[in-house]
Colleague: 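Sending over a structure as C-alpha cells; questions will come in a sec.
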Amino acid sequence: MESSRGCNDVRIEIQIKNWGSKKVAPGTTIMELLGDVSPKLQKEALAARINGDIVGLLTPLQEDCTLETVSFDDPEGAEVYRHTASHVLAQAVKRIYGNVRLGIGPPISNGFYYDFDFKGNPIKTEDLEKIEQEMVQIVKEDLPLERLEISREQALQMFKEKGEDYKVELINDLDEGVKITCYRQGDFIDLCAGPHLPSTGKLKVVKLLNLAGAYWRGDERNAMLQRIYGTAFPKQKMLTEYLDFLEEARKRDHRKLGRELDLFSFHEEGPGFPFYHPKGIIIRRELEKFWREEHCKAGYLEIETPIILNKQLWEQSGHWDHYQENMYFTKIDGQDYAIKPMNCPGAILIYKTGMYSYRDLPLRMAEMGLVHRHEKSGTLHGLMRVRSFTQDDAHIFMLPEQIDDEVAGVMEMVDRFYKVFGFNYFIELSTRPEKSMGSDEMWEKATTALQSFLDGKNIPYIINEGDGAFYGPKIDFHLQDSLERTWQCGTIQLDFQMPEKYGLSYIGADGQKHRPVMLHRVIYGAMERFFALLIEHYGGAFPLWLAPVQAVIIPITDRQHVYAAEVKKLLWEKGVRVETDDRSEKVGYKIREAQVQKVPYMLIVGEKEVNSRTVAVRQREQGDLGAVDLQVFTNRILGEINQRK
RNA sequence: GCUCACGUAGCUCAAUAGGCAGAGCGUAUCCUUGGUAAGGAUAAGGUAACCGGUUCGAAUCCGGUCGUGAGCUCCA
C-alpha cells in the first residue's frame, strides 16, 4: 500500500474494467465509486460483477477487487432490472389488495412474473391496468431497495407475522448454511437473494402483459396461484419493439397461417386430431419424400405396423404400467386392444420374426408411424401438441459396441435435416424419470453412454433431469416457434429394457445368443409439430420445393387463355405444381392474391408473351424479373425444385 | 386436468340499461378485357357453440356442457 499515513486512511484498490483503477476508502458503495469515476458509467450501470459475482450497486466495497459494470445489454443486467420490476409488481399488488399471499417472482427471458394467492378472490385481466398504474407510481416514488441479511429465526418470525405462508415454506426449505436475505423498498419487504437495482426509480418502462394460473412450486398437487406476467425496459422504444415482435409473431402463428393458406383445420368433433387439407398434405408428402431418400441412403429399411394391437403386447412392453393414462383402448371380439401410442412394440414383433447374426446388426427399421396419445385437454396447441400424430420413427437393433457409431449417425442426420430448413436447435440430455422401469445399473450404463458421447464430441447440451422415456434416457433436439417457445422434435433414446422384456436376441461370433441394444429415434419428431414449426419458421412462405402451389399463371385478358393452358400443361406434365388464374380480374388483383398466398412464381402472360413464347416472371420476393423464354423458365424451375431450393 | 379469458356469416370484427342481427373481405351472377399487391353492380349467406334457467322478451344476465386462447402440469 503506497500510503504511509495513518491506518484511518487505509484505501482499497478497485480495478474497473475498461476504465482503470481507483482507490477508495473501504465501505464506499459501488454507486459512490462510479459517481466518482464516471457519471455516465454510473447512469448506465444496473448492477456490477465483482470477481465474477453479480452484486447490487449499493454493495459496499471492502477489499481490493476487479469490478465490471453490468448494463441492460448484459443478460444478467436485464435480469436484475426485471427482478426489481417483479418486486415493484408485488408491492403494487400488496398496496391494492392487502389480503394476498406472495409466491415467487423471478425474471424470465423477456420479462418477469410474480405468483400470487388472492385467497379466493381471483383478480381479472382488467385489473392489470390499475396494478400497472400503481407500479408506475412506485417507480415515481423512487424507493431505494435495501438489502437485509437476517437470521433464519428472524425471517421465519417476520413472514409468519405477515401471514406469508409460501415464504415461510421457502425459508424452511433453504439449506442450513445459506445466508437469508430480504430486500426492502418502502413498506414492502420480500425474501430474496437479489441482487436488485439501487432504487425503483431506475425502472423506466413497465408493462403487464397477461394473467395465467400456475401451481405453487410447479406441482399440480399444490394450490393454483395467479401468475401475472410483465416486462420492463429502460426505453419506451425497446418496449414498442418488443410489442411489435409479439405482433409479428402472431402473424406467423401456424394456426393463423394454416387457416389463411388452407393447409389444415381442427374440428370440435375431434379435438387434437388434425385434418390435413390438400395443400397441407402436399407439404407433408414432400417432407416424407425427402425423408425416405435420406433414410434409404443411410441404410434404413422401411416398415409399417398396425395402429391397434392386443393389450397383452402393451403389458409386456411396460406401457400398460407406465403409459396407460396416455393410451386409448378398444375391444375386438371381446378382447382388449390398445391404439398404439408408440411404434416400438410393432417394430419388435417384426424383429422377432427372424434370426439374426451379429453380422446383420445394426438393423435399422424406419416407420412413419401414426400414434395416438391422450394428452390433457389444456395442453393441446394447434399442430404443435395434438392427440394423433405421425412419428418419423426408427428402431435400431444393434450390438452394444455399436452404440457410439449409431448415436453419431443419428445426430449427424438430425443436423443435416435441420440445416436444410435453416433451423437452429439445442440439445438436452434427459435422465431417468420417476415412472420408469429397469435396474439402476442399466439406467446408469445407458445414461453414461449418451453423456460420454456428447462430452466426447464436445457437443453443448443441458441436462433435463427426470425427463427421459420410461424405458431409457434420451438426447432431445429442441426447436423454437415464432414466440421463441421451445418444442422437442428429434430424439434419440437408448434402450436396454425392451430387448429384455421381449427376449430379443442375435447370435454372436461365439455361436451363443446375445441381447441386442435398441435405439429409438425420430428426426422430424412428429410430422405435425415439425410442419407447424416450418410454417412459423418460413412465415408461410415455403421454399419452392415445399410450396403447395409453385407457380400461378396469370393471363392478362381472355385472349391469352389458350396459351396459358399450354404453359400450364407443359409445366404440369414436368411435375410442377402450377395453377392458372383465369378469372376476369385485373392483373394487379391476381398478383395480390398470389402474393398473399405466398406462391413462389407468378407467370404473367399477355399479348407480348404469347407472340414471343415467353412468360413474364414475377418472383415472390424479388418481384418482376421480366420476360423469360418458356423453355428456359421450365428448366430453371425444375432445376430449383430438384435442388430443393 | 387446473387458473383466467373468449365463442356472433367461410374469414376478420361491430352493435344494443335485455327490445326486428350488421360491416369489410371472401363466395355467386352480371358488367368490365384491364401489364405487376384490391375495377364496378347485384345477390346469397346466421337455430348467435350446445343445453337449461331468470324475464313479457336473452346473442346480451345466471348455471352447466363442449371447444378455443394464455399459462401451469405433462409431452413428439
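Letters A, B, ... mirror the listed sequences (proteins, then strands); counts begin at 1.
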Colleague: Taking atom C1' in both B:G45 and B:A38, compute the distance separating them and give it to the nearest angstrom.
Modeller: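 Approximately 22 Å lies between the C1' atom of B:G45 and that of B:A38.
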
Colleague: Scan A:Val386 against the nucleic acid and name what it touches under 4.0 Å (heavy atoms): base, sugar-phosphate only, or nothing.
Modeller: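 The answer is base, as A:Val386 lies within the cut-off (heavy atoms under 4.0 Å) of a base atom.
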
Colleague: Taking any strand in view, what nucleotide pairs with B:A58 in a Watson-Crick or G-U wobble way, both distances under 3.5 Å?
Modeller: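 No nucleotide pairs with B:A58.
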
Colleague: So that I can tick it off, tell me whether A:Arg373 and A:Glu528 are bridged by a salt bridge, with the cut-off set at under 4.0 angstrom between side-chain N and carboxylate O.
Modeller: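 The answer is no: the pair does not qualify as a salt bridge.
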
Colleague: Check this for me: does any side-chain nitrogen of one of A:Lys474 and A:Asp476 sit under 4.0 Å from a carboxylate oxygen of the other?
Modeller: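 Yes.
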
Colleague: The side chain of A:Met224 lies closest to which of these nucleotides: B:A70, B:U3, B:G35?
Modeller: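 For A:Met224, the side-chain atoms sit closest to B:U3.
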
Colleague: With the stacking rule set at 5.5 Å and 30°, tell me whether A:Tyr229 counts as stacking on B:G71.
Modeller: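 Check failed, A:Tyr229 does not stack on base of B:G71.
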
Colleague: Go through B:C72, B:G34, B:G35 for me and flag the one nearest to the A:Lys586 side chain.
Modeller: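 It is B:G34.
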
Colleague: Restricting to non-hydrogen atoms, name the atom on A:Leu380 and the atom on A:Pro271 that form the minimum distance, rounded to 0.1 Å.
Modeller: CD1-C, 4.1 Å

Colleague: Tell whether A:Ser584 reaches the base of B:U32 with its side chain through a donor-acceptor pair below 3.5 angstrom.
Modeller: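 Such a pair is found, so the answer is yes.
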
Colleague: Just the rounded figure in Å: distance from C1' of B:G1 to CZ of A:Arg387.
Modeller: 10 Å

Colleague: Do A:Phe118 and A:Phe116 have ring centroids that are under 6.0 Å from one another?
Modeller: yes

Colleague: Categorize A:Gly606 for me: base, sugar-phosphate, or nothing, with a 4.0 angstrom heavy-atom threshold over every strand shown.
Modeller: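 Touches a base.
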
Colleague: Using 30° and 60° as the class limits, which term best fits the ring planes of A:His372 and A:Tyr328: parallel, tilted or perpendicular?
Modeller: perpendicular

Colleague: Base, sugar-phosphate alone, or nothing: which one does A:Val587 contact when heavy atoms must sit under 4.0 Å apart?
Modeller: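 Here A:Val587 touches the backbone only, sparing every base.
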
Colleague: Taking the C1' atom in each of B:C30 and B:G52, what is the distance between them to the nearest angstrom?
Modeller: 48 Å

Colleague: Verify, without hydrogens or angle tests, whether A:Gln324 (side chain) and A:Trp320 (backbone) share a donor-acceptor contact under 3.5 angstrom.
Modeller: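 Here the side-chain-to-backbone pair exists.
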
Colleague: Between A:Phe423 and A:Phe530, does the ring centre distance come in under 6.0 Å?
Modeller: yes

Colleague: When we call it a touch if two heavy atoms are under 4.0 Å apart, what does A:Arg559 touch: a base, just sugar-phosphate, or nothing?
Modeller: sugar-phosphate

Colleague: Given B:A70, is OP1 or OP2 found less than 4.0 Å from the side-chain N or O atoms of A:His381?
Modeller: yes

Colleague: Any base atoms under 4.0 Å from A:Arg221, or only sugar-phosphate, or nothing? Heavy atoms, all strands.
Modeller: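 Counting heavy atoms under 4.0 Å across all strands, no contact is made by A:Arg221.
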
Colleague: Is there side-chain contact between A:Tyr524 and A:Phe421, with at least one heavy-atom pair below 4.5 Å?
Modeller: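 Yes, close enough: below the 4.5 Å cut-off.
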
Colleague: Rounded to whole angstroms, how far apart are NZ on A:Lys376 and P on B:G71?
Modeller: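 It is 17 Å, rounded to the nearest whole Å.
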
Colleague: Between C1' on B:U73 and CG on A:Asn326, what's the gap in Å once rounded to a whole number?
Modeller: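 My rounded result for the distance is 12 Å.
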
Colleague: Using purine N1 to pyrimidine N3 plus N6-O4 or O6-N4 for Watson-Crick, or N1-O2 and O6-N3 for G-U wobble, both under 3.5 Å, which nucleotide pairs with B:C4?
Modeller: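 By the stated definition (distances under 3.5 Å), B:G69 pairs with B:C4.
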
Colleague: Which class fits the ring pair A:His520 and A:His395: parallel under 30°, tilted 30 to 60°, perpendicular over 60°?
Modeller: perpendicular

Colleague: Would you mind classifying the nucleic acid contact of A:Lys435 as base, sugar-phosphate or nothing, using non-hydrogen atoms under 4.0 angstrom?
Modeller: nothing

Colleague: Give the residues of residues 481-492 of chain A touching RNA chain B, defined as any heavy atom closer than 4.0 Å, sorted by residue number.
Modeller: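 Nucleic-acid contacts, sorted: A:Arg485, A:Gln488, A:Cys489.
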
Colleague: Measure from CG on A:Asp624 to P on B:G35 and round the result to the nearest Å.
Modeller: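 Atom CG in A:Asp624 sits about 14 Å away from atom P in B:G35.
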
Colleague: Any protein N or O atoms within reach of nucleotides 4-14 of chain B? Criterion: under 3.5 Å, listing atom names and distances.
Modeller:
unit_1, atom_1, unit_2, atom_2, d
B:U12, OP1, A:Arg259, NH2, 3.0

Colleague: Verify, without hydrogens or angle tests, whether A:Arg292 (side chain) and A:Leu287 (backbone) share a donor-acceptor contact under 3.5 angstrom.
Modeller: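 No.
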
Colleague: When rounded to the nearest Å, what value does the distance between C1' atoms of B:G26 and B:C62 take?
Modeller: 37 Å

Colleague: Name the nucleic acid region contacted by A:Gly378, choosing base, sugar-phosphate or nothing; use a 4.0 angstrom heavy-atom cut-off, strictly under.
Modeller: base

Colleague: Which whole-number value in Å describes the distance from A:His319 NE2 to B:A76 P?
Modeller: 11 Å

Colleague: Of the residues in residues 614-621 of chain A, which ones touch RNA chain B at a heavy-atom distance under 4.0 Å?
Modeller: A:Ala616, A:Arg618

Colleague: Could you let me know what B:A38 is paired to, Watson-Crick or G-U wobble, both distances under 3.5 Å, or none if it's on its own?
Modeller: none

Colleague: Work out how far the P atom of B:G63 is from that of B:U68, and round it to whole angstrom.
Modeller: 22 Å

Colleague: Using atom P in both nucleotides, what's the gap between B:U33 and B:G39 to the nearest angstrom?
Modeller: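 So the two P atoms sit 14 Å from each other.
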
Colleague: Searching all strands shown, indicate the nucleotide that pairs with B:C74 (Watson-Crick or G-U wobble; both distances under 3.5 Å).
Modeller: none

Colleague: With rounding to the closest Å, how many angstrom separate the C1' atoms on B:A58 and B:C50?
Modeller: 16 Å

Colleague: Describe the nucleic acid contact of A:Glu607 in one word from base, sugar-phosphate, nothing, applying a heavy-atom distance below 4.0 Å.
Modeller: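 The answer is base, as A:Glu607 lies within the cut-off (heavy atoms under 4.0 Å) of a base atom.
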
Colleague: Could you tell me the separation between the CZ atom of A:Arg217 and the P atom of B:C72, rounded to a whole number of Å?
Modeller: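 Going from A:Arg217 (CZ) to B:C72 (P), I get 17 Å.
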
Colleague: What is the ring orientation for A:Phe470 with A:His319, classed by angle as parallel under 30°, tilted 30 to 60°, or perpendicular over 60°?
Modeller: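 Because their plane-to-plane angle is over 60°, the rings of A:Phe470 and A:His319 count as perpendicular.
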
Colleague: Tell me whether the OP1 or OP2 atom of B:U3 has a side-chain N or O from A:Arg227 closer than 4.0 Å.
Modeller: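 For B:U3, neither OP1 nor OP2 has a side-chain N or O of A:Arg227 closer than 4.0 Å.
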
Colleague: Below 3.5 Å, does any donor atom in the side chain of A:Glu609 face an acceptor in the base of B:G35, or the other way round?
Modeller: yes

Colleague: Using purine N1 to pyrimidine N3 plus N6-O4 or O6-N4 for Watson-Crick, or N1-O2 and O6-N3 for G-U wobble, both under 3.5 Å, which nucleotide pairs with B:C50?
Modeller: B:G64

Colleague: For B:U36, does either OP1 or OP2 sit under 4.0 Å from a side-chain N or O belonging to A:Tyr601?
Modeller: no

Colleague: What integer distance in Å separates A:Leu380:CG from B:G67:C1'?
Modeller: 10 Å

Colleague: Would you please classify the geometry between the A:Phe633 ring and the A:Tyr601 ring as parallel, tilted or perpendicular, with 30° and 60° separating the classes?
Modeller: perpendicular

Colleague: A:Arg583 side chain N/O closer than 4.0 Å to the phosphate oxygens (OP1, OP2) of B:U27?
Modeller: yes

Colleague: Has the side chain of A:Thr557 got a donor or acceptor atom that lies under 3.5 Å from a matching backbone atom of A:Arg559?
Modeller: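 Yes; at least one donor-acceptor contact below 3.5 Å.
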
Colleague: What is the ring orientation for A:Phe264 with A:Phe531, classed by angle as parallel under 30°, tilted 30 to 60°, or perpendicular over 60°?
Modeller: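 A:Phe264 vs A:Phe531 ring planes: perpendicular.
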
Colleague: Given the P atoms of B:G10 and B:U16, what is the spacing between them in whole Å?
Modeller: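 Result for the P pair: 24 Å, nearest Å.
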
Colleague: Would the base of B:C74 count as contacting A:Arg385 through its side chain, where contact means a donor and an acceptor less than 3.5 Å apart?
Modeller: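 Check passes, donor-acceptor contact within cut-off.
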
Colleague: Could you let me know what B:G22 is paired to, Watson-Crick or G-U wobble, both distances under 3.5 Å, or none if it's on its own?
Modeller: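 Check on B:G22: paired to B:C13, both distances under 3.5 Å.
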
Colleague: Just the rounded figure in Å: distance from P of B:G40 to OH of A:Tyr589.
Modeller: 10 Å

Colleague: Closer than 3.5 angstrom, by distance alone: can the side chain of A:Glu286 be matched with the main-chain N or O of A:Leu546 as a donor-acceptor pair?
Modeller: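 No; judged by distance alone, with no hydrogens or angles, the pair does not exist.
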
Colleague: Quantified in whole Å, what is the P atom distance between nucleotide B:U73 and nucleotide B:U3?
Modeller: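 It comes out at 16 Å once rounded to the nearest Å.
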
Colleague: Is it the case that the side chain of A:His295 and the backbone of A:Trp291 share a donor-acceptor pair, with hydrogens and angles ignored and the cut-off at 3.5 Å?
Modeller: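 At least one qualifying donor-acceptor pair exists.
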
Colleague: Describe the nucleic acid contact of A:Met602 in one word from base, sugar-phosphate, nothing, applying a heavy-atom distance below 4.0 Å.
Modeller: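 Counting heavy atoms under 4.0 Å across all strands, no contact is made by A:Met602.
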
Colleague: Hey, does the side-chain of A:Tyr215 have a donor or acceptor N/O within less than 3.5 Å of a partner on the base of B:G71?
Modeller: no

Colleague: Select one nucleotide: of B:G34, B:A37, B:A76, the one nearest the side-chain heavy atoms of A:Ile556.
Modeller: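 My answer, after comparing the listed nucleotides, is B:G34.
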
